[in-house]
Amino acid sequence: MSEEYTPKIGVLTVDEAEKPDAARLVYNTAARIADSLNIVIEADEIKTPDQSAEMLSSMIKRGKNTIVTVGSASGRSAEVLSEAHPRVTFITVGHQPAPEKLNMRGVPIEGDQLEDMFEATLREVLDVGEPSIWQGVRQRFLGQGSGALIIPVLSIILALAIGAIFIAAFDPVVWEAFGFGFFNGISTAFSQVAQAYIALLEGSFGNPVEIIQGLQVYFETGNDRDFAREIRPLLDSLRISTPYVFTGLSVALAFRCGLFNIGAEGQYFLGGLFSTFIGYAITGLPIFIHLPLAVLAGFLGGALWAAIAGFLKAYTGAHEVITTIMLNYIAFRLADFLLQVNGPMARPNDGRPVSPEVLPTSWLPQLFPNNSSISINLGAVIALAIVFAVSYLLFRTTLGFEFRTVGANPTAARTVGISVKRSYVYVMALSGGLAGLAGAHDILGVTRFMPNAFQSGYGFDAIALALLGRNNPVGVLLAALLFGFLRAGAQRMQTVGVPIDIIGIIQGLIIVFIAAPEVVRLVYRLRKGIGADQGEIFTRGWGGA
Amino acid sequence: MASTTASAPASTRFELNRPRIYGIVFLVMALGILVLFARDSAPGSITTFDLNPSSSSTQVLPLPALVFATQPFLYGVAIIVAFVGGLQLARGFEKQANLILLIVVLLFTISFLAWAARDNALNMTDLLSSTLLRATPIALAALSGVICERAAVINIGIEGMMLSGAFTAALFSSIASNLWMWSDYAALFFGLIAAMIAGAFLGYLLALLSVRFKVDQIIAGTAINILCTGITSYLSANILGEFSGVNNTPIYPPVSIPILSSIPIIGPVFFEKNFLVYFMFILIIVTHMVLFYTRWGLRTRAVGENPKAADTLGIDVYLVRYVNVTLGGMVAGVAGAFLVLGSVGRFDELMTAGRGFIGLAAMIFGKWLPFGGLAAATIFGFADSLQTRLAILSVPIPSQFLLMAPYLVTIIVLAGVVGEAIPPAADGQPYDKD
C-alpha cells in the first residue's frame with residue numbers, strides 16, 4: 001500500500017446489456033467524474049456476455065485498477081475475477097456481489113437513482129483509493145449492504161406476525177370471546193397469542209429468572225439440580241439446532257455451486273443408515289476409533305447418495321431437483337426394506353421395524369455426562385467446527401473458489417479452465433456428506449437406533465435455512481439456531497393448545513419473504529435500494545449445465 | 001455420453017451408439033426372461049390371467065380366462081425378444097426403435113406377470129382398472145406442470161397445491177354434506193370447486209412471485225410446498241381433528257357409461273370410473289386442443305419458447321404466464337381433490353406422499369405433452385397397483401424394490417437414456433419486459 005496509487009478507470013459494457021440506456025448513463029457519468037479528476041478512463045464494449053471474462057482480464061493487464069461493469073453477466077465475471085485481483089476495485093452495475101467481497105461494489109440497475117448511486121459509489125472508491133477493511137465491515141452491516149441483515153430480520157418479524165393471526169384465528173377460546181363482543185374478542189386474541197409466544201420463548205430459552213435462581217442455588221449450596229432443570233430448554237434447543245446446522249450448510253454449499261440440493265432428507269437418511277450399521281455391526285473397538293468411524297460412515301452415506309445426483313447432473317444434464325427428490329423416495333423404500341421386521345438391518349426377535357441399538361462405543365459423548373437430565377452432545381461442537389470448515393473451504397481454498405465460480409457463471413468457469421463437471425460431483429458429495437452428518441448426529445447422539453419412521457422434514461427446512469442464511473456458513477448457523485429454538489419452543493406451545501405445525505407455516509412464510517424481498521419492502525414501505533438482494537442463489541431451468 | 005469415439009476410425013472400433021444400446025438392452029431383457037422367469041418356473045406350471053372384473057355394477061360380456069403353460073410361453077417370448085434384439089443390432093429399426101422398445105418392455109412386463117402368477121391366478125382387468133385410478137392424480141399433476149411450463153414457469157409447488165386442494169375438498173365437501181345436509185353430488189361438486197379455487201389461488205401466488213417479483217421459480221415453488229404443508233397440517237390438527245363431521249366426505253361413485261362399459265376389459269377399465277377420472281380425460285383432451293389448435297395455445301407456446309419474440313409480436317407475456325400458472329394451479333387442485341373425493345373420502349396430513357413430484361417427473365417423461373404425461377403417469381400407476389398385488393402372489397421380490405421402480409425409471413429417463421428430454425426453451429427464466 002506504500003506505492004503511489006493512481007486510479008485508472010475501465011468501463012465494460014455489453015452490447016446486449018439488460019438496459020442499454022443504463023450502459024450509456026454509467027459511461028457518461030464515469031467519464032464526467034474522470035474528466036473532473038483528471039483520471040484515465042477507457043471504455044470497452046463487447047458483443048456477447050461470454051467475452052466479458054476475457055475482456056476484464058485484458059483490462060486488468062492493461063493496468064486498470066477501477067473497473068466498472070454494466071449488466072449481470074459481466075458483473076458475475078467480475079466477481080469471479082475479483083478474487084484473484086484484490087487490488088482492483090470493481091463496481092458492478094446490475095449485479096450485487098457477495099457481501100464478503102471487499103473490493104467489489106454493487107449498484108442496482110433498476111430505479112431512477114442509478115446515476116446518483118453510481119456517482120456516489122465511484123466517487124467513494126476514487127477518494128479512498130484502495131478499499132479498506134473498515135469499509136468492508138461498514139458495507140456489511142450499515143449503509144447500502146445492510147440488506148444482508150435487514151430483510152431476514154424483517155421477514156422473521158412479518159412471519160411471526162402472520163403466524164399470530166393463524167394462532168388467534170383458529171383458537172376456540174378466541175371464537176368464544178368474540179361472542180361477548182368485538183373488543184372482548186380482540187383482547188382475548190392478543191392474550192392468547194401472547195400466551196403462545198411466551199410459551200415459545202420459555203420452551204426455547206427457558207425462564208431467565210428461574211435460570212438465575214438455579215444458578216444462585218448452585219453457588220450457595222453446590223447443588224446443580226435446579227440449574228440443570230432450568231437450563232435444559234436452552235440446551236435442548238441447541239441440540240435440536242445441531243442437525244439443522246448440518247443440513248442447512250449442506251444446501252447452502254450446493255447453492256454456492258449453482259445446484260439446488262432438495263434431497264437433504266434422503267441423504268440424512270442414508271447417513272443415518274450407514275452410521276447405524278457401523279454403530280451396531282462392528283464390535284470390540286475402543287470409542288476413539290469406533291465413534292469417528294461411525295460418524296465418518298454417516299458422512300460417506302450421505303456423500304455417496306448425493307454424488308449420484310451430482311454425477312447425473314454433470315454427465316447427463318439430469319436436473320438435480322428431480323433426481324434428488326427421486327433419490328429421497330428410493331432412500332425411504334430402502335430403509336423400509338432394510339428395517340422391516342426380520343429385514344437385513346432389523347433388530348432380531350423384535351416385532352417393531354427398528355434397527356438394533358448402536359453400541360455405546362459409538363455414542364456421541366454427552367457434554368454433561370454427570371447430569372442425566374441434560375441432553376446435549378459432542379455433535380453441537382462438531383457442528384460449530386463444521387461451520388468454520390465450510391467457511392474455510394468456500395472462501396480460502398481453490399476448491400471453494402471453483403465451486404463459487406461455477407455457481408456464479410458456469411460458462412465463465414469453463415473459459416478459465418475449471419472443470420464444471422468435477423465441481424458438480426464434488427460439491428454434491430460434500431453437500432450430501434453434511435446432510436449425512438445430521439443423520440449421524442441424530443442416531444449416535446440422540447435416538448441411538450434407527451426407527452423405520454425416521455421422517456424428519458429436514459430436506460425442506462434445510463432449504464429455508466440456506467435461504468435465510470444467505471448461503472453464508474455463519475448466516476446458516478444463525479438461521480439453524482433460529483429454527484432449532486422455534487422448534488424446541490413449539491413443543492412447549494403445544495401444551496397451550498397450539499399445534500406444532502404452526503412452525504411449518506412460519507418457516508414457509510420466512511422463505512417466501514426472503515425469496516421475494518420486494519414483498520417485505522412493500523409491507524414495510526422501504527425504499528427500493530434498501531436491502532438490495534445479496535443472496536447467492538442461482539438455479540436454472542431443467543436444462544443441463 | 002457414450003459416443004466419445006469420434007477420433008477413432010469407425011471401421012476398427014465398435015461404436016456404442018443409441019441403436020446398438022437398444023439392441024443390447026433387448027438382448028439383456030431376453031436373457032432376463034430366460035434366466036429369471038423361464039428357468040425359475042417349474043415345467044408343469046400353469047398361469048391364469050383372469051379377464052373378467054371381480055366386481056362390476058354392469059353386466060360385462062364374459063371372457064374365458066387366459067390359461068397357459070408358464071414355461072413354454074416364457075421360452076417363446078424370450079426367443080421373440082432375442083430375435084428382435086438381433087434384428088436391432090444387425091440393421092436397426094430406425095424411427096420405429098422407440099415403438100419397438102415399448103413393445104419389448106411390455107413383453108418383459110407380461111413375462112414377469114406370467115412368472116409371478118404361475119400356479120396362481122392374476123386378475124388383469126382389476127390390475128389395469130386400479131392402474132388407471134392410481135395414475136389419475138399423477139396425470140393431473142403432470143398436466144398442471146405442462147400448463148405452467150409451456151408458458152415457461154416451472155411449478156415445483158404442485159405437491160403443495162395438491163395438498164391444499166385435498167384439504168379444501170375434504171373440508172368443504174364434508175361441511176356441505178354433514179352439516180348442511182346437501183345431497184352427495186352437490187356436496188362433492190362444492191368440494192371440487194373449493195379445491196379448484198384453492199389451487200388457482202396458489203397458482204396465482206406462484207405467478208405473482210415468479211412473474212411480478214421475479215423470484216427464482218424453483219425457490220418460489222419450494223416455498224409454496226413448505227407453506228402448504230404447514231398450513232394444511234396446522235388446520236388439520238386445529239379443525240379436522242377438533243370437530244366431528246368436517247373430515248368425512250361422500251366419494252364419487254363409479255358411473256357406468258352405457259354400452260361402452262359392457263365391453264370386456266376396456267369397459268371395466270375405462271368406462272366404469274368415477275366422475276373425476278372422466279374429468280381428468282376431458283381436461284387432458286381440452287388442454288391438448290387448446291395448446292396446439294388455438295390462438296391462446298400458440299401464444300402460450302411462443303411465450304414458453306421465446307418470450308422476447310412473443311413480446312415483440314404484441315403478446316402480453318406476463319398475462320399469458322399469469323393465466324397459465326393460475327390454471328395449472330387449478331388443475332393441481334383437482335388432482336388433490338381426487339385423492340379425497342375420488343378415493344378415500346377423508347384428508348390425512350401429507351396424504352399426497354410425493355405424487356406432485358412424481359407428476360413433475362411424468363411431465364418430463366411425457367415430453368411436456370398432455371397425453372405424454374398421461375402415458376407416463378400410467379407407468380407409475382401400474383407399478384403402484386402391481387406392488388399391492390404382488391404381495392398377494394407371494395413373489396420373492398421385496399415390494400419395496402418394486403415401489404422404487406418408478407423413481408428409478410424417472411432418473412433413467414431424466415438421464416436421457418430414452419431419448420432426450422427437451423423442455424420449452426425459456427423454461428424457468430423470468431422475463432423482464434424492458
Side-chain angles (χ1 to χ4, degrees), chain A residues 18-19 166 170-172 260 262 308-309 312 315-319 321-323 325-330 332-338 340 343 455 457 460-461 463-464 467 498-512 514-519 537-544, chain B residues 1 149 152 154 156 205 209 212-220 222-239 241-242 349 354 357-358 360-361 364 398-401 403-404 406-408 410-411 413-417 420-424 426-429 432 434:
Chain A
E18 290 94 313
K19 309 228 174 182
F166 268 94
F170 296 99
D171 190 337
F260 195 8
I262 212 165
I308 298 173
L312 288 170
Y315 292 94
T316 72
H319 198 277
V321 167
I322 293 288
T323 52
I325 291 173
M326 295 298 128
L327 285 168
N328 276 354
Y329 288 108
I330 296 175
F332 300 155
R333 305 286 179 230
L334 190 68
D336 216 24
F337 167 71
L338 291 173
Q340 66 183 332
Q455 295 264 15
F460 280 140
D461 286 349
I463 297 160
L467 289 174
V498 180
I500 198 165
D501 305 294
I502 186 75
I503 294 305
I505 299 181
I506 293 174
Q507 287 171 352
L509 288 169
I510 291 176
I511 303 190
V512 172
I514 290 192
E518 263 192 70
V519 178
I537 293 141
F538 314 98
T539 61
R540 294 179 182 84
W542 298 118
Chain B
M1 40 174 177
E149 299 211 1
I154 291 180
I156 290 274
L205 181 67
L209 287 173
R212 164 126 197 262
F213 293 111
K214 301 201 170 47
V215 176
D216 184 296
Q217 293 169 4
I218 291 180
I219 288 169
T222 307
I224 284 177
N225 281 336
I226 299 176
L227 203 56
C228 291
T229 309
I231 291 180
T232 55
S233 299
Y234 180 77
L235 296 185
S236 166
N238 245 331
I239 299 178
E242 292 286 315
E349 285 181 32
F357 293 118
I358 296 176
L360 273 180
I364 294 173
S399 64
Q400 291 92 349
F401 284 102
L403 278 172
M404 278 181 202
Y407 308 117
L408 280 174
T410 307
I411 290 179
V413 169
L414 270 178
V417 174
E420 222 175 318
I422 301 167
D427 210 6
Q429 294 161 16
D432 204 338
D434 0 270

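Protein chains get the first letters and strands the later ones, always in sequence-line order, with residue 1 at the start of each.
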Quiz item: Looking at Ile502(A), Ile463(A), Leu509(A), which has the largest count of heavy-atom pairs under 4.5 Å with chain B?
Solution: Ile502(A)

Self-check item: From CG (Leu408(B)) to CE (Met326(A)), nearest 0.5 Å
Solution: 10.5 Å

Practice problem: Would you check if Phe260(A) and Thr222(B) make a side-chain contact, meaning some heavy-atom pair closer than 4.5 Å? | Solution: yes

Quiz item: Would a 4.5 Å heavy-atom cut-off, applied to side chains only, mark Leu360(B) and His319(A) as touching?
Solution: no

Self-check item: Side chain, backbone, both or neither of Leu235(B) within contact of chain A (heavy atoms, under 4.5 Å)
Solution: side chain

Practice problem: State, yes or no, whether a side-chain contact exists between Asn238(B) and Asp501(A) at a heavy-atom distance under 4.5 Å. | Solution: no

Practice problem: Drop me the distance from Ser233(B)'s OG to Ile500(A)'s CD1, to the nearest 0.5 angstrom. | Solution: 11.0 Å

Quiz item: With sequence neighbours left out, what residues match Phe401(B) under ring pair (Phe, Tyr, Trp, His ring centres under 6.0 Å)?
Solution: Phe337(A)

Quiz item: Who wins among Pro172(A), Pro499(A), Ala516(A), Ala464(A) for the most heavy-atom pairs under 4.5 Å with chain B?
Solution: Pro499(A)

Exercise. Name the member of Asp171(A), Asp336(A), Leu312(A) that forms the most heavy-atom pairs with chain B at distances under 4.5 Å.
Key: Asp336(A)

Self-check item: Spacing of CD1 belonging to Ile262(A) relative to CD1 belonging to Ile219(B), to within rounding of 0.5 Å
Solution: 10.0 Å

Quiz item: Who are the ring pair (Phe, Tyr, Trp, His ring centres under 6.0 Å) partners of Phe357(B), not counting sequence neighbours?
Solution: none

Practice problem: Nearest 0.5 Å please: distance from the CD1 atom of Ile156(B) over to the CD1 atom of Ile325(A). | Solution: 5.5 Å

Quiz item: Would you say Arg333(A) and Tyr407(B) make side-chain contact, with heavy atoms under 4.5 Å?
Solution: yes

Quiz item: Given a strict heavy-atom distance threshold of 4.5 Å, which part of Ile231(B) is in contact with chain A: side chain, backbone, both, or neither?
Solution: both

Self-check item: Which atoms of Ile239(B) approach chain A - backbone, side chain, both or neither, heavy atom under 4.5 Å
Solution: side chain

Self-check item: Phe166(A) backbone acceptor or donor facing Tyr234(B) side chain under 3.5 Å
Solution: yes

Quiz item: Which residue out of Asn328(A), Thr323(A), Ile308(A) racks up the most heavy-atom pairs below 4.5 Å with chain B?
Solution: Thr323(A)

Quiz item: Any side-chain heavy-atom pair from Ile330(A) and Ile411(B) closer than 4.5 angstrom?
Solution: yes

Quiz prompt | Spacing of Leu227(B) atom CG and Ile506(A) atom CD1 [to the nearest 0.5 Å] | solution = 11.0 Å

